[in-house]
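Because the structure is predicted, anything quoted here is derived from the model rather than measured. Chain A is the first sequence line, chain B the second, and so forth, proteins listed ahead of strands; every chain is numbered from 1.
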Amino acid sequence: MSGGQPHEAGFYTCDDEFRTLILPFVEDGLTGGEAVIIGYDERKSDLLRSWLDDPSAVTFIADRELYATPARAIAGYRRLAENHVRAGAIGVRIAGDVPHAGNGGRFNGWDRYESAVNTVWDDLPMRSMCLYDATTVSATVRDVVERTHRRVHTPAGAPRTNNRYQDPAEFTGVPAEPDPLETTPLHIELHDPTPAQARHAMARSGQGFVTDTILGELGIGLSEAVSNAIIHGRPPVTVRIWIHPGRVLIHIHDSGNGPTDHLAGLIPTTRTKSGGLGLWVTHQLDLDINLIHSSGGFTVRLRGGRLP
Amino acid sequence: MVVVDCAPSTGVSLCAEEPSVTGTKFVHDHVCGVYDHADGFVARAAAFLAEGLDMGNQVCYIRAHDTDESADVLGILRDAGFTEALDSGAARVDSLGTSYPTASGQGPAAQVQVYAAATQAALRQGYTGLRVAAEVTDLVSTPSRLDAFARYEILIDRYIAHGPFSAMCGYDRRRLDDHAISQLACLHPIGGDDAAPFRWHAGRRADVRLSGEPDSACRELFVRVLDRTTIELGKQQLIIDATGLKFVDHRAMGALEDFAAARRVHVLMYTRLRTAARIRELLDLKYVAVEVAQ
């Protein structure tokens, strides 16, 4: 089994139970000289502030961009933790809200995040607590939570060791949800394009349907995916683009096996500036991304604009 | 639905480039004249030089070493209306050996001085400047020659950007492969459009002008261009006008960072691409700053 930093979960059904689970985690950390970073929404942050003797001792992150994408959350928490460690903290505790339908968000990609955070901060003295509202969490999300946390807390008693936990290298994520646009006629299909050809076709097709900002970010994602398919994949490379007012959906497919690294795109693959970062850069952008492995090859699905 | 097979063998291209121009109306006249027919280049060169004559320049056609194709250059120019200019000395025809005496090894900077001196001589004779069209394929016919000449192209382009000197460089596509031509085309502000995925050359109000789309397909080319770029001693900041940049990826931004770090210079890039600023932020670059122009 790989990884080591404590990454635990809990389920609550009301504010009192939420308090029972979060308060000891925060107070034990503060007492022990650790930094505590909280990424909750305004309501839960205000609740927590009201329960603490000294809320100023906790770092509350109000910027919702922290949870804009899974890769951004991993990088964001890393930066915050590194700053605290440099400032003298002997450890860092984090707690925040992973987006899912029950809290008004979308869970796509966050299954990989929950698995990844068992290992991605191994080099830092971090521990995390993921608390979910049992009254709103879906069966799919609960299943992921149970497979990605070694221990699960309940308000009633001691945390239990979770025998459903899957090592990140073995974790199987949630299949990508079909998008209704995929059942509509394609706008354009490209066979073996260069990255530039793909970008130009997408930009011409998407002009006026989504903002220039979204087109720009889609251009980066598309270019990286085509580049990776050419360099690392197996031909033929096919790009399919669907266009709809307010939306662009793109499949980049090759007949290879795709990345074998379960952390692909969630962390930078190298610390150098000159290459190997394409998938990670793409995962930092305001795009919805799925990495889809199938018997026929590997597909990167990019979605820009509003989601269904 | 439109289906496009982009494989090279079909000849389909979605990347319609601006057509090549033979003459120019730009001040920074440094033209890449890629050609695949000898007479075609001389005709384009004649148009370029005629424009120079109209501006009061002294003009010069520099022909390749004596070959059957170059033998009738004088005839072609006279037919193009250059007789009076040739007779008065406003126009002349020289050879590579005469005009590029440093080609055998004195270094790119020395060749720039040759043209600087020739330009000053033209000015002293009452001309407004010097304009040259040179068939230089022989000077780039091996990898080492091409490397040296590419470094020269970067330096002479700086001189052209700010001085009364302009040039068209002729490259024979029949003797040079696409890889060689792209290394040269991208160093010119104009010409060779289908061979230059991006352009890197001197700017008039910035140190460098970067345009086009440096991406994964031309990463090696971009790195090579940066390697060949020298920075003046003591220079601490390099201003890049990237308002003509249409795409940039993390590889190119990373290469710029490596380039700047190696030369201990800080780069300030002006661009309209918000994605350039975003990538810079994501990569946490230390030597490259980006300002997004509105």
May I ask you to establish whether A:Arg199 and B:Phe247 are in a cation-pi arrangement, using a distance under 6.0 Å from NZ or CZ to the six-membered ring centre and at most 45° from the ring axis? yes
Is the B:Phe149 ring parallel, tilted or perpendicular to the B:Tyr152 ring (thresholds 30°, 60°)? tilted
Selection from B:Ser216, B:Cys218, B:Ala217 maximising heavy-atom pairs under 4.5 Å formed with chain A: B:Ser216
My understanding is that only residues two or more places apart in sequence, or in another chain, count here; which of them pass ring-ring contact (aromatic ring centres under 6.0 Å, His included) with B:Tyr287? B:His266
Run the salt bridge (charged side-chain N to carboxylate O under 4.0 Å, His left out) test against B:Arg175 and tell me which residues pass, sequence neighbours left out. B:Asp138
Contacting region of B:Ile279 [heavy-atom separation from chain A under 4.5 Å]: side chain
Structural part of A:Arg240 lying under 4.5 Å from a heavy atom of chain B: neither
